[in-house]
Amino acid sequence: MITTRRKLIAGLGSSVLLAGCDSWSRSPGFQDVLASAEGLTRRAQRTITNREALAREFSAADLSPNFRANGSRTADSDAYRAMLANNFADFRLRVDGLVSRPLSLSLAELRAMPRRTQITRHDCVEGWSAIGQWTGVPLSRLLDLAGLRDSANYIVFHCADTYGSQGRPYYESIDLIDAFHPQTILAYDMNGQQLPERHGAPLRARVERQLGYKHAKYVTRLEAVASLDGIHGGKGGYWEDNGAYAWYAGI
């Protein structure tokens, strides 16, 4: 009887908590608590984990037969459609902001640089995962070529696509620890072939120690900044601005 009573109380308590969960999640006070916890989580993970620790890498036999395309399936602009039609011959990646030597690089120039290939698991915040092979140029290589200034603290990925009913620009950002991680690359190939349109052609970010929404697609510009304030909604990414997602999505 005691055990049954305890289970009943626990069940009722859980029901009450679940019923109030949605209203709590929308309250400014609760959002502030989540934001402060995010910073604590980031500091704790960075303290106990080697900054260059690699995400697990797999073999070709582990590749997922179906790798879902999430978010935008294309970039909805005339400029992107024109580049897609000529196989991105006119594409240029800009690297600017707080750098000494701003860059403008063609896809051919990026492909000629030292590359990295890795087979990793993509973990989506929605609960699914898939394993894919990615080849691209290490982000650290581009930042070294551009020459980061001492005042730079973050790298912002500006993208060609817009998202949501209001058509807001998609963007993401990471700090310099993740930017210089050896597995952080701008991928132009997926599973041994040119990156498909639905997966972010011609370039997408791969930030292997973070959740999937940090892996921005259709990247056209890298901007080095001191602060994320004043960039779109100011929280560091599309979903952070519009969906209250955590800026730091380390796994």
task: Check whether more than 12 heavy atoms from other residues, nucleotides or ligands sit under 6.0 Å from atom CZ of Arg56, and answer yes or no.
output: no
field: Glu57 bridged to Arg116 by N-O distance under 4.0 Å
entry: yes
Student check: side-chain heavy atoms of Val95 and Leu145 closer than 4.5 Å: no
Check: Asp76/Thr162 side-chain N/O donor and acceptor closer than 3.5 Å: yes
message: For a 4.5 angstrom cut-off between non-hydrogen side-chain atoms, does Leu93 reach Leu142?
response: yes
Criterion side chain to side chain contact (heavy atoms under 4.5 Å, CB included) on Leu203 and Phe157, from CA distance to verdict: CA-CA 11 Å; Leu203 291 175; Phe157 301 104; over 6 Å; no
Heavy-atom side-chain proximity of Met190 to Pro196 below 4.5 angstrom: yes
Candidate pair Asp144 and Phe180, rule side chain to side chain contact (heavy atoms under 4.5 Å, CB included), full reasoning: CA-CA 10 Å; Asp144 286 341; Phe180 281 92; 3.6 Å; yes
message: The test is side chain to side chain contact (heavy atoms under 4.5 Å, CB included); show your working for Arg92 and Glu109 and say whether it passes.
response: CA-CA 9 Å; Arg92 309 293 296 188; Glu109 288 172 321; 3.7 Å; yes
- request: Tell me yes or no: between the side chains of Arg121 and Ser64, is some donor less than 3.5 Å from an acceptor?
  value: no
- request: Mind running side-chain hydrogen bond (donor to acceptor under 3.5 Å, both in side chains) on Arg81 and Thr74 for me, showing each step along the way?
  value: CA-CA 9 Å; Arg81 304 310 302 176; Thr74 189; 2.6 Å; yes
task: Please answer whether the main-chain N or O of Ser59 pairs with a side-chain N or O of Asp62 as donor and acceptor at a distance below 3.5 Å.
output: yes
message: Could you check whether any side-chain heavy atom of Gln194 comes within less than 4.5 Å of a side-chain heavy atom of Asn87, counting everything from C-beta outward?
response: yes
task: Establish, yes or no, whether a centroid distance under 6.0 Å links the rings of Tyr80 and Tyr218.
output: yes
task: Fit a plane to each ring of Trp239 and Tyr245, take the angle between them on a 0 to 90° scale, and name the class: parallel (under 30°), tilted (30 to 60°) or perpendicular (over 60°).
output: parallel
task: Measure the shortest side-chain to side-chain distance between Leu148 and Leu176 over non-hydrogen atoms and say whether it is less than 4.5 angstrom.
output: yes
- prompt: side-chain hydrogen bond (donor to acceptor under 3.5 Å, both in side chains) with His215: which of His199, Arg204, Glu172, Arg206?
  reply: Arg206
message: Could you go through Leu228 and Asn153, starting from their C-alpha distance and side-chain angles, then the distance that decides it, and tell me whether this counts as side chain to side chain contact (heavy atoms under 4.5 Å, CB included)?
response: CA-CA 9 Å; Leu228 300 174; Asn153 294 314; over 6 Å; no
From Thr135 atom OG1 to Asn191 atom CG, the distance as rounded to the nearest 0.5 Å: 9.0 Å
task: Scan Lys214, Gln118, Gln183, His181 and name whichever one has a side-chain hydrogen bond (donor to acceptor under 3.5 Å, both in side chains) with Glu208.
output: Gln118
Over 12 non-hydrogen atoms of neighbours within 6.0 angstrom of CG in Asp150: no
- prompt: Mind checking whether Asn242 and Tyr163 have side chains closer than 4.5 Å, heavy atoms only?
  reply: no
